[in-house]
Amino acid sequence: MKDFLRDQLLQALAALQRNGSVPADIPTAFVIERTRSKDHGDFAANAALLMSKAAGMKPRDLAQALVAALPASSQVAKVDIAGPGFINFFLSPAAYRAEVRTILALGAACGRTGSGEGRKAQIEFVSANPTGPLHVGHGRGAAVGDCLARLLQATGWDVTREFYYNDAGQQIANLALSTQARARGIGPDDAGWPADGYRGDYITDVAQAYMAGETVHADGQDVTGAKDPDDLDALRRFAVAALRREQDLDLRAFGVEFDVYYLESSLYTDGKVEETVQQLIAAGHTYEQDGALWLRTTEFGDDKDRVMRKAQGGYTYFLPDIAYHVTKWQRGFGRVINEQGADHHSTVMRVRAGLQALDIGIPKGWPEYVLHQMVTVMRDGEEVKLSKRAGSYVTLRDLIDEVGRDATRWFLAARKSDSQLTFDIDLARTRNRENPVYYVQYTHARICRVREKFAEQGWTWNRDNGLAALERLDTAYDQDMMAAIARFPEIVEIAARNLEPHLVATYLTELAAAFHTWYDNSHILVEDADLRDARFALAEAARSVVANGLDLLGVSAPESM
RNA sequence: GCGCCCGUAGCUCAGCUGGAUAGAGUACCGCCCUCCGAAGGCGGUGGUCGGGGGUUCGAAUCCCUCCGGGCGCGCCA
């Protein structure tokens with residue numbers, strides 16, 4: 001509809017230019033947006049405001065001229081000029097009805113567009129190292145990352161979900177040592193406990209499984225415990241597999257699945273790291289100093305140069321990072337989005353700088369980043385900091401067990417990722433209007449219940465009859481409801497474009513409010529079959545939008561609650 | 001000290017990349033079930049958009065500055 005109205009205005013403008021009342025070469029940038037208030041119609045355009053100077057006319061005069069030149073349309077009932085020179089469009093009832101028909105016809109496809117044109121996009125998220133259960137921060141990453149993937153898929157991108165992890169560095173060495181200590185019966189406060197060891201109870205479970213010779217399956221491999229506490233390498237392999245498996249179980253419980261798991265160690269064994277170093281040297285952006293090899297990242301906006309190869313040998317972490325991103329580029333991902341915690345924001349500049357230094361045609365702003373801020377968990381008005389299993393942090397599993405998958409996903413994705421997030425466990429468990437998840441899901445359940453009631457009354461919903469009788473829906477409630485569902489495709493497009501999944505949650509809450517108001521004032525199961533079928537057609541369209549919106553968030557749409 | 005993010009009703013948060021009188025929920029005060037789920041709906045009270053400058057027809061939104069809070073500033077990952 002926005003595009004249609006834009007086109008109408010451009011036609012009007014062209015007409016004015018032809019008859020000479022407006023210069024032919026003025027810039028035509030303007031915005032058409034949903035109005036905030038019904039008094040201003042359905043859509044407003046600021047064209048006259050923005051172009052008045054170039055046109056040499058007062059905004060309201062220009063608006064007047066544009067409106068007079070607008071082509072006639074059955075979609076538009078009325079056009080007003082308001083305020084400083086806004087052009088307000090009031091849609092016709094026919095246009096509203098057409099929206100309902102479209103939504104019902106599209107069903108599950110409603111809200112989907114082809115703007116991505118099937119291009120390849122990769123979203124890397126979670127990417128937790130296998131040193132412990134996933135914490136709430138990872139949960140936020142999982143929720144936001146997965147919603148981004150769903151949004152991009154809905155807008156026509158060919159999306160790959162990828163999880164990158166380090167299976168060989170210092171943290172993993174600490175994991176092996178911690179597991180070894182537990183296998184020998186040494187606790188975190190005993191003599192002989194490794195410095196920087198992982199203190200959580202889960203290490204004990206891993207050690208016991210290792211000593212019992214259990215087999216764990218993770219990332220396509222079976223690893224069996226060697227039962228030998230002296231074999232550090234076997235301990236490491238087993239512990240990594242055990243924790244990867246545990247993380248996968250958490251992610252599955254959260255409804256998140258990855259297409260690719262990428263191991264940092266493979267970058268070394270495949271020679272990608274060494275290859276990247278040689279390319280950077282050849283590109284001329286490196287130098288040696290104090291026995292180390294440096295990359296001149298300052299040439300690409302960094303505030304200081306970075307060491308690539310340490311004086312003692314070995315690479316710093318950011319070199320495999322660059323090599324890894326080169327593989328993403330080589331795998332044909334013209335678009336890559338990295339979803340990470342904001343505590344890693346300093347790597348953004350460095351990764352991009354390293355990729356620019358390679359001079360292999362990677363665009364400057366590639367990859368894109370979505371960073372999320374910290375999560376604090378509250379219960380009974382107090383911050384929750386510990387979990388039994390992990391000790392020092394609250395795990396994603398804790399939240400899922402306590403409030404369920406749907407509420408966890410909703411709350412972790414429903415806030416702007418730029419903002420710190422307070423996860424209120426009590427609110428998430430509430431089953432009433434206060435809790436947006438239940439409020440929205442309740443919309444869906446209520447509509448499903450009406451469908452059952454049809455049968456109980458001995459009626460069946462005649463869809464075609466309902467669509468034919470849509471003009472019976474002539475109240476202000478009907479109109480508001482139709483306007484609310486018609487916004488959905490725009491919301492999906494904006495949320496995908498801005499990489500802001502929370503917009504979907506905000507919209508769904510507003511939609512649910514609109515529905516409940518409509519529902520309370522529009523009894524569906526009336527004797528008049530035309531009216532009954534028409535009303536349920538609108539309800540069914542709303543149900544479809546709610547279901548599709550919830551699906552974008554990875555939240556279920558229950559038929560009863 | 002430097003960089004990034006945040007500051008909107010008592011509380012939790014929206015505000016569609018500059019638009020019209022700043023919106024929801026909650027809390028507080030009222031009202032609505034012989035009727036499809038009251039797990040709901042309708043009113044009312046509540047704001048110097050952290051402070052101060054600037055840019056322009058127009059600023060919660062953009063720029064500068066200050067104040068608060070968070071996160072980063074390793075030859076750790």
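Keep in mind that this is a model prediction, so the values were computed, not measured. In what follows, chains are A, B, ... by sequence order, proteins preceding strands, each numbered from 1.
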What pair of heavy atoms forms the shortest contact from A/Thr286 to A/Met308, and how long is it? CG2-SD, 4.0 Å
Are OP1 or OP2 of B/rU56 and a side-chain N or O of A/Lys53 less than 4.0 angstrom apart? no
Just wondering, do A/Val277 and A/Tyr315 contact through their side chains at under 4.5 Å, heavy atoms? yes
Classify the side chain of A/His345 versus the base of B/rG3 as yes if they form a donor-acceptor pair under 3.5 Å and no if they do not. yes
Does A/Lys304 place a side-chain N or O at less than 4.0 Å from the phosphate oxygens OP1/OP2 of B/rC73? no
When the C1' atoms of B/rA14 and B/rC76 are compared, how many Å lie between them, rounded to an integer? 39 Å
Classify the nucleic acid contact of A/Ala513 as base, sugar-phosphate or nothing, counting any heavy atom under 4.0 Å across all strands shown. nothing
So what does A/Asn46 touch, heavy atoms closer than 4.0 Å: a base, only the sugar-phosphate, or nothing? base
Checking all strands, does A/Thr347 fall into the base, sugar-phosphate, or nothing category for heavy-atom contacts under 4.0 angstrom? nothing
Might you list the N or O atoms of the protein lying below 3.5 Å from N or O atoms in nucleotides 5-14 of chain B, with each pair's distance?
from: B/rC5; atom 1: O2'; to: A/Gln373; atom 2: NE2; distance (Å): 3.4
from: B/rC5; atom 1: O2'; to: A/Asp418; atom 2: O; distance (Å): 2.6
from: B/rU12; atom 1: O2'; to: A/Arg415; atom 2: NH2; distance (Å): 3.2
from: B/rC13; atom 1: OP1; to: A/Thr422; atom 2: N; distance (Å): 3.4
from: B/rC13; atom 1: O5'; to: A/Arg415; atom 2: NE; distance (Å): 3.3
from: B/rC13; atom 1: O2'; to: A/Arg415; atom 2: NH1; distance (Å): 3.2
from: B/rA14; atom 1: OP1; to: A/Lys416; atom 2: N; distance (Å): 3.0

Could you check which of B/rG25, B/rA38, B/rA77 has an atom nearest any side-chain atom of A/Arg446? B/rA38
Answer with base, sugar-phosphate or nothing: what part of the nucleic acid does A/Met561 contact at a heavy-atom distance below 4.0 Å? base
Over 60° means perpendicular and under 30° means parallel, so classify the ring planes of A/His516 and A/Tyr439, tilted if in between. tilted
Does A/Tyr315 or A/Val526 map to a spot on RNA chain B nearer the 5' end, using the closest nucleotide for each? A/Val526
Report yes or no: is there a donor-acceptor pair, N or O only, under 3.5 Å between the side chain of A/Asp303 and the base of B/rG3? no
From the list B/rA20, B/rA77, B/rC36, which nucleotide is the closest neighbour of the side chain of A/Tyr519? B/rC36
Would you kindly check if the NZ (Lys) or CZ (Arg) of A/Arg352 is within the cone defined by 45 degrees around the ring axis of A/Phe300 and under 6.0 Å from the six-membered ring centre? no
On the side chain of A/Asn88, is there an atom forming a donor-acceptor pair with the base of B/rA20 - under 3.5 Å, no angle test? yes
Report the nucleotide, chosen from B/rG72, B/rG40, B/rU21, that has the shortest atom-to-atom distance to any side-chain atom of A/Arg433. B/rG40
Between B/rC49 and B/rC62, how far apart are the C1' atoms? Round to whole Å, please. 16 Å
Looking at B/rA20, B/rG41, B/rC57, which one has an atom nearest to any side-chain atom of A/His516? B/rG41
Heavy-atom nearest nucleotide on RNA chain B taken for A/Asn129 and for A/Leu49; more 5' hit belongs to A/Leu49
A/Gln441 and A/Asp406: side-chain donor and acceptor closer than 3.5 Å? yes
A/Tyr262 atom OH is separated from B/rA77 atom P, nearest whole Å, by 18 Å
Would you indicate what A/Asn435 reaches in the nucleic acid, counting non-hydrogen atoms under 4.0 angstrom: base, sugar-phosphate, or nothing? nothing
Report which part of the nucleic acid A/Gln312 touches: base, sugar-phosphate, or nothing (heavy-atom distance under 4.0 Å, all strands). base
Any idea if B/rU17 is syn or anti, going by the 90°-from-0 cut? syn
Does the plane of the ring in A/Tyr393 sit parallel, tilted or perpendicular to the ring in A/His135? Use 30° and 60° as the thresholds. perpendicular
By the rule that syn is within 90° of 0, classify the base conformation of B/rC64 as syn or anti. anti
Please tabulate the protein-to-nucleotide N/O contacts below 3.5 Å involving nucleotides 27-35 of chain B, giving atom names and distances.
none

Counting only Watson-Crick or G-U wobble pairs whose two distances fall under 3.5 Å, which nucleotide matches B/rA38? none
Phosphate oxygens OP1/OP2 of B/rG41: is one of them under 4.0 Å from a side-chain N or O of A/Tyr439? yes
Please tell me which of the listed nucleotides, B/rA77, B/rG25, B/rA38, lies nearest to the side chain of A/Tyr442? B/rA38
Give the ring-plane orientation class for A/Tyr287 versus A/Trp294, where under 30° counts as parallel, over 60° as perpendicular and anything between as tilted. parallel
Please give the distance between the C1' atoms of B/rG19 and B/rG58 as a whole number of Å. 7 Å
Would you indicate what A/Ser522 reaches in the nucleic acid, counting non-hydrogen atoms under 4.0 angstrom: base, sugar-phosphate, or nothing? base
Using the aromatic ring of A/Phe86 (for Trp, its six-membered ring), decide whether it stacks on the base of B/rA20 within the limits of 5.5 Å and 30°. yes
Could you check how far CE of A/Met308 sits from P of B/rC75, rounded to whole Å? 14 Å
Looking at A/Phe536, is A/Arg451 sitting on its ring face, NZ or CZ under 6.0 Å from the six-membered ring centre and within 45 degrees of the normal? no
Using atom P of each nucleotide, how far apart are B/rA22 and B/rC16 to the nearest Å? 15 Å
Which heavy-atom pair separates A/Ala48 from A/Pro59 by the least distance, and what is that distance? CB-O, 3.3 Å
Describe the nucleic acid contact of A/Leu293 in one word from base, sugar-phosphate, nothing, applying a heavy-atom distance below 4.0 Å. nothing
Taking the same atom, P, in B/rG54 and in B/rA59, what whole-Å distance lies between them? 12 Å
Using atom C1' of each nucleotide, how far apart are B/rG10 and B/rA27 to the nearest Å? 8 Å
Can you label the angle between the A/His325 ring and the A/Trp366 ring as parallel, tilted or perpendicular, going by 30° and 60°? perpendicular
If pairing means Watson-Crick or G-U wobble with both distances under 3.5 Å, then the partner of B/rG25 is B/rC11
Gap in Å between the two P atoms, one belonging to B/rG53 and one to B/rC13, rounded: 30 Å
According to side chain to side chain contact (heavy atoms under 4.5 Å, CB included), who are the partners of A/Val370, at least two apart in sequence or on a separate chain? A/Val144, A/Leu148, A/Ile337, A/Glu339, A/Ser417, A/Leu499
Using only heavy-atom distances, determine whether the side chains of A/Glu493 and A/Thr155 contain a donor-acceptor pair under 3.5 Å. no
Could you tell me how far B/rG18 sits from B/rU56 if I compare only their C1' atoms? Round to whole Å. 10 Å
Check: A/Thr475 side chain, A/Asp478 main-chain N or O, donor-acceptor pair, under 3.5 Å: yes
Across every strand shown, the nucleotide meeting Watson-Crick or G-U wobble geometry with B/rG1 (both distances under 3.5 Å) is B/rC73
